[in-house]
Protein chains: 2
Amino acid sequence: MLTTERHEFIISILKKQGTVKLQELVDQLHASESTIRRDLVQLEEMKLLKRVHGGASLLQRKGLEPTTMEKQNKATAEKQLIAKRASAFIEKNDCIYLDAGTTTAEMIPYLKEKNVTVMTNGLMHIPKLIELEIKTVLVGGTIKFSTNAVIGSNAGQFLNEYRFDKCFLGMNGIHHEMGFTTPDPEEALLKKLAINLSNETYVLCDSSKLNEATFTKVADVSDAIIITDSNDREAIAQLQKNPKVKVVTIS
Amino acid sequence: MLTTERHEFIISILKKQGTVKLQELVDQLHASESTIRRDLVQLEEMKLLKRVHGGASLLQRKGLEPTTMEKQNKATAEKQLIAKRASAFIEKNDCIYLDAGTTTAEMIPYLKEKNVTVMTNGLMHIPKLIELEIKTVLVGGTIKFSTNAVIGSNAGQFLNEYRFDKCFLGMNGIHHEMGFTTPDPEEALLKKLAINLSNETYVLCDSSKLNEATFTKVADVSDAIIITDSNDREAIAQLQKNPKVKVVTIS
DNA sequence: TAATAAAATGAATGATTTTGAATAATTTTA
DNA sequence: TAAAATTATTCAAAATCATTCATTTTATTA
């Protein structure tokens, strides 16, 4: 058997199972331990794998380093619950729009098994989406440094070419009269567009956002299904005065 | 048996099984070892196969295509030099297209002072660009996991709305006859488009790429200014036989 | 057609690379 | 800590390779 054939076999088996034991390779390739060992050394030099005691493992790609995001973990537990609840609405093979933001980020682990196609403007989502090899289309446009999101008219133009089964949005304020609001008009524009392009819209909303309002209005509270962990009965009741408003609570 | 017949047979068997042992060919073609060996040498010169110890293999080894992480750290010193030289061509306030890839990545540190606007399809560039707060427009489209680049028809469509002063591309092969080549047709398409949309095109090329050819042709060698650290006089001379070809060397 | 040059072939030689086994050194496990 | 497993190192045999040269085949020209 040719050296290159062995090398290919080793790489392919690694891609399949992530790691291999040296003995496993010796058995399957009918070559001596020395030879396999030498193969592994060479492949490691080529940066194609990492040798570990007893065998080898795939070089895990660190890809994009998570930059500034995911640092404010003060309410991650709540966010995780909300995200999990939101993910329950996703059906197999859905095409979804995933808004930038820390709450929507928590949905990603649940996406793999649903075999969804994701479109997103959130750069902070990218490393995780790549790691899980989830089919992803990135919105093109200008990068906004403060939130690591893609925005701008070019982003809107790009988005406009697509339609989604469902979209999942974060929001800075939710108020029974002012509706959904967010500080940045450009981001608001994109969210608005996403809502229009989606069959169903879900807004993920931790308790701190309820009864708040910020600068730019995105939509009426009746335009999306609100998923929240808040147990502020009063605020929720006030939202539900309008019979068109749908609120999903966790507990 | 005619030489060309043998050559065809060798190529066809390679296409079928990816690799062949020399002995295998000797048996099947009823020719001497010397003859087959000569055949392989010739076919290799024609860039139709790659000779390996004991036989030959197809040029583009599918399993062994190194991903970005694997290629990294390989020859960063060279790449830095090439990137620095390339950056010298940038003028203040230019709008540039920065191709995905490890060599182009090394250009980013030089961009800040030039106050450029960058468009890129390379996700691996994003953290650095954000860190330095360089005005960046991200190409929208489908994410290719192996290289962390954005590709696809939607990417092309997006790109087509822009024009650039200069574009800086990486390339997998540069060959005086075959021109610029890259393994992935989708990436080739995007590179081609970037060239068309730019006033000036620069190809960053470390020594390992010179005189190589891969699957898809992007452009003729005369379509871009080649920046290389190679001191392979012969290869460079061969490129420059065509008076339209411009080569910039480091030293 | 014969004479000649050019190209292709096969065999032989020595150089190089790859391989497997033996053993010493190291790491992991109990 | 000792035993077991894994790794690194070394060496000789085997396989493969590059080079050379005589021979055959093919092409060219007189």
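By convention in this document, chain letters (A, B, ...) are assigned in the order of the sequence lines, proteins followed by strands, and residues within each chain are numbered from 1.
Protein chain A contacts DNA chain C over a range whose 5' and 3' limits, counting nucleotides with an atom under 4.0 angstrom from a non-hydrogen atom, are C/dT19 to C/dT28.
The separation between A/Leu22 atom CG and D/dA4 atom P is 20 Å, rounded to whole Å. In this structure, CZ of B/Arg37 is placed 15 Å from C1' of D/dT20, rounded to the nearest angstrom. The distance between atom CD1 of A/Ile36 and atom P of D/dT7, rounded to the nearest whole Å, is 12 Å.
Distance from the side chain of A/Arg51 is smallest to D/dA8 among D/dA18, D/dT7, D/dA8.
With a 6.0 Å radius and a threshold of 12 heavy atoms from other residues, nucleotides or ligands, A/Lys84 has its NZ atom at or below the threshold. Counting non-hydrogen atoms of neighbouring residues, nucleotides and ligands closer than 6.0 angstrom, the NZ atom of B/Lys246 reaches no more than 12 such neighbours.
Summary for the helix from C/dT1-D/dA30 to C/dA30-D/dT1: the axes at its two ends, each from 5 pairs, differ by 40° when rounded to the nearest 10 degrees.
Position along DNA chain C of the nearest nucleotide to B/Arg38 versus A/His30 favours B/Arg38 as the more 5'-ward residue. Between B/Ser32 and A/Ser32, the residue anchored nearer the 5' end of DNA chain C, judged by the nucleotide with its closest heavy atom, is B/Ser32. Judged by closest nucleotide on DNA chain D, A/Glu33 is the one of A/Glu33 and B/His53 placed further toward the 5' end.
For the pair A/Glu44 and A/Arg51, the salt-bridge criterion is met [side-chain N within less than 4.0 Å of a carboxylate O]. Salt bridge present: B/Lys191 and B/Asp99 bring a charged side-chain N and a carboxylate O closer than 4.0 Å.
Contacts between residues 2-14 of chain B and DNA chain C, counted as heavy-atom distances below 4.0 Å, involve B/Thr3, B/Arg6.
Under the 3.5 Å distance criterion, with hydrogens and angles disregarded, no donor-acceptor pair is assigned to the side chains of B/Thr182 and B/Glu187. With 3.5 Å as the limit, one finds a donor-acceptor pair spanning the side chains of A/Asp206 and A/Ser208.
Using a 4.0 Å heavy-atom distance criterion, B/Gln23 is classed as making no nucleic acid contact. At the heavy-atom level, B/Val52 lies under 4.0 Å from the strands shown only through sugar-phosphate atoms.
A parallel orientation is assigned to the rings of B/Phe168 and B/Tyr202, their planes being inclined by less than 30° (bins at 30° and 60°).
B/Asp229 places a side-chain N or O within 3.5 Å of a backbone atom of B/Ser207 that can act as its donor or acceptor partner. A donor-acceptor pair is defined here as one N or O able to donate and one able to accept, closer than 3.5 Å; such a pair exists between the side chain of B/Lys47 and the backbone of B/Asn211. Of the possible donor and acceptor atoms, none in the side chain of B/Lys244 sits under 3.5 Å from a partner among the backbone N and O of B/Ser222.
With A/Ile143 as the fixed residue, the side-chain contact (heavy atoms from CB on, under 4.5 Å) test singles out one of B/Ile126, B/Leu129, B/Val137, B/Val118: B/Ile126.
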